[in-house]
Undergrad: 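Here you go, one structure.
When a ligand or atom number is given, it counts from 1 through the structure's own listing order. Just so it is clear, the structure is predicted and the values come from calculations on it, not from any experiment.
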Amino acid sequence: MPSFVDLRNSPSEIRPNIKFEQQGEHSDSQNILARVAFEKNGFAPELHKGVPTLGVPMTTETEPGFQEVFAASGPVVAGREGNLVYAVDGRHLFCAVQVVERDIYRDAARIAYDSAFELATRLGYPNILRMWNLVGGIIDDNADGVEIYRDFCAGRSEAFALWSGRILHIPAATGIGTRGNGVYLYFISGRADAEVHHLENPRQTPAYHYPESYGPKSPSFARATFADGILYISGTASILGDETVHKGDISGQVDVTLENIATLISTENLGKVRPEGGYSLQDLDLIKVYVSRPEDIPYVRSRCKEVFSPDARVVYLNVDICRPDLLVEIEAIVQ
Ligand SMILES: C=C(O[C@@H]1C=C(C(=O)O)C=C[C@H]1O)C(=O)O
C-alpha cells in the first residue's frame, strides 16, 4: 500500500505504504511496488530492476529531487503492456503511462486511461484509490486554442464514461502542471471487495459537476478517498463552490486551501465513513505543496510550518496549477 517517507527528515523510519525518499537512496527493491522520481527532467515509465519507475519533471535546482516510493504488501508481479508499466502485490495495482507531447491531448488521454482501465479490470483491481495527472503546459493552449487542462479533462472524462460500472468509482486525484512536456499519469487501485469511500467537500462543488464554463467535460475526481484506513486527500486549492477566491492574494489562498482541507477531513464530513471520526491538519503527512509563483514559496513554507505537524513530511514544488488564478494547491495522506 502507498505511504511516503522522506529520508531527509526521518532516516530510520520506513513504514509500509507510500514514502518519500531522498534522491539516490534506495529501499530494498524486493518490497517495492513502484517508484516515482520527482526530478528536473523526467523519463518515461520503465521497469527498473523489475520495479515500475517513472521520472516526473517537477523540481528545480533549488528544490532537491525526491522519490515517492509505493511499498508492496505482498509478493510483486510487475510487467509492461504497450505503454503501460505496472505492478501488483495481491492487494494493489500500481500503473503508470506517459502521453508524449502532442498538439491535442483529448484522444490520447482517453486512450491512455482506456488501456489502463482495461488492465486494472482484467487483473482484478477495479477500485481506483488515487490518481496523479501531471500535465505539462497545463494552462497553455493546445493547437486548437483550448487550454491543455480542459483538453486533457475531456479525454479522461470520456474514458471514465466508457468504463462506468466496471471501474467502480471516481477517486481522489491531483491534476497539476509540470516543468516539462506531455502528460504523466499514475494511479493505485485495489481489489473489487476493498472497502473504499470517496468523499466530497461541503464547501466545494463536486468537480465532476463543475459548469461548462470550466471546460467541455468536467474534471473526473473526488475530493478524497478513504480506503483500508488510509485517507488520500486530493489536490485542494482556494476554490469555494466552483469559484477561485482570493485571486492574486497568496495569504488568502493559503487560508482557504487549509480551511477546505480541515472541513474535508473533519468529523462532520469524514466521520460519515470513518467510525473513529475525523482528523485535523496536524494529522496530515506526505504533503505536496504546489506553488505557482516561486516568490511565494518562502511565505507558503512558513505558513505550512505553523499548521502542519513537525513530523509531517512536506515537499514544495514550483509548478503551474490547473487554473491560472490559483497560486497554491495542497495534497496529503493520513495513514
Ligand atoms: C484544484 C482543483 O483541481 C485539481 C485538478 C484535479 C484533476 O483534474 O484531477 C484534481 C485535484 C486538483 O489537483 C479543483 O478543481 O479544486
Undergrad: Would you mind checking which non-hydrogen protein atom is closest to atom 5 (C) of ligand 1, with the distance to 0.1 Å?
TA: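 Nearest protein contact, heavy atoms only, for atom 5 (C) of ligand 1 is Tyr149 OH, 3.3 Å.
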Undergrad: Which residues end up grouped with Leu47 if you chain together Ile, Leu, Val, Met, Phe, Trp and Tyr wherever their side-chain heavy atoms are less than 4.5 Å apart?
TA: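 Its cluster mates, by chain and number, are Val85.
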Undergrad: Is the shortest distance from a Lys or Arg side-chain nitrogen in Asp151 or Arg106 to a carboxylate oxygen in the other one below 4.0 Å?
TA: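 Looking at Asp151 and Arg106, the cut-off is not met.
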Undergrad: Quick check: Phe70 with Phe94 (ring centres under 6.0 Å apart)?
TA: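 Yes, ring centres under 6.0 Å apart.
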Undergrad: Counting only heavy atoms, tell me which of Gly175, Ala172, Gly215 gets closest to atom 10 (C) of ligand 1.
TA: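 Looking at heavy atoms only, the winner is Gly175.
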Undergrad: Are the ring centres of Tyr232 and Phe226 closer than 6.0 Å?
TA: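 Distance test on ring centres: not under 6.0 Å, no.
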Undergrad: How many angstroms lie between CG in Leu119 and CD in Glu81, if you round to the nearest 0.5 Å?
TA: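 Spacing of CG (Leu119) from CD (Glu81) equals 5.0 Å.
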Undergrad: If we set the cut-off at 4.0 Å for heavy atoms, which region of Lys288 has an atom near ligand 1: side chain, backbone, both, or neither?
TA: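 For Lys288, there is no contact with ligand 1 at all, from either part.
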Undergrad: Which of the numbered atoms in ligand 1 are under 4.0 angstrom from any heavy atom belonging to Asn133?
TA: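 Reading through ligand 1 atom by atom, the close ones are 9 (O).
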Undergrad: Among protein heavy atoms, which lies nearest atom 3 (O) of ligand 1, and at what distance?
TA: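 Looking at atom 3 (O) of ligand 1, the protein heavy atom closest to it is Phe221 CZ, 3.4 Å.
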Undergrad: Can you pull out every salt bridge (charged side-chain N to carboxylate O under 4.0 Å, His left out) where at least one residue sits in residues 255-265? Sequence neighbours excluded, please.
TA: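 As it turns out, the salt bridge (charged side-chain N to carboxylate O under 4.0 Å, His left out) pairs with a partner in residues 255-265, which skip direct neighbours, are Arg203-Glu259, Asp255-Arg303.
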Undergrad: Below a 4.0 angstrom heavy-atom separation, can you tell me which part of Ile239, side chain or backbone, both or neither, approaches ligand 1?
TA: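 For Ile239, only side-chain atoms sit under 4.0 Å from ligand 1.
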Undergrad: With the threshold set at under 4.0 angstrom, would you say Ile176 reaches ligand 1 through any of its heavy atoms?
TA: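 Outside the 4.0 Å threshold, so no.
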Undergrad: Do me a favour and list the nearest non-hydrogen protein atom to atom 9 (O) of ligand 1 with residue, atom name and distance?
TA: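 Looking only at protein heavy atoms, the one closest to atom 9 (O) of ligand 1 is Arg156 NH1, 2.7 Å.
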Undergrad: What protein heavy atom sits nearest atom 16 (O) of ligand 1, and how far off is it?
TA: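 Of every protein heavy atom, Arg223 NH1, 2.9 Å lies nearest to atom 16 (O) of ligand 1.
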Undergrad: Nearest protein heavy-atom contact for atom 13 (O) of ligand 1: which residue, which atom, what distance?
TA: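 Going atom by atom, the protein heavy atom closest to atom 13 (O) of ligand 1 ends up being Glu329 OE2, 2.4 Å.
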Undergrad: Hey, is Ala207 touching ligand 1 through its side chain, its backbone, both or neither, going by heavy atoms under 4.0 Å?
TA: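 Under 4.0 Å from ligand 1, Ala207 contributes no heavy atoms.
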Undergrad: For Arg130 and Ile233, work out which heavy atoms get closest and say how close.
TA: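 Scanning both residues completely, I find the closest heavy atoms to be NH2-O, 3.3 Å.
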Undergrad: Considering heavy atoms of the protein only, find what lies nearest to atom 14 (C) of ligand 1 and give residue, atom and distance to 0.1 Å.
TA: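 Going by distance alone, atom 14 (C) of ligand 1 is nearest to Tyr210 OH, 3.3 Å.
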Undergrad: With the threshold set at 4.0 Å, does a side-chain nitrogen-carboxylate oxygen contact exist between Lys288 and Glu68?
TA: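 Yes, Lys288 and Glu68 are salt-bridged.
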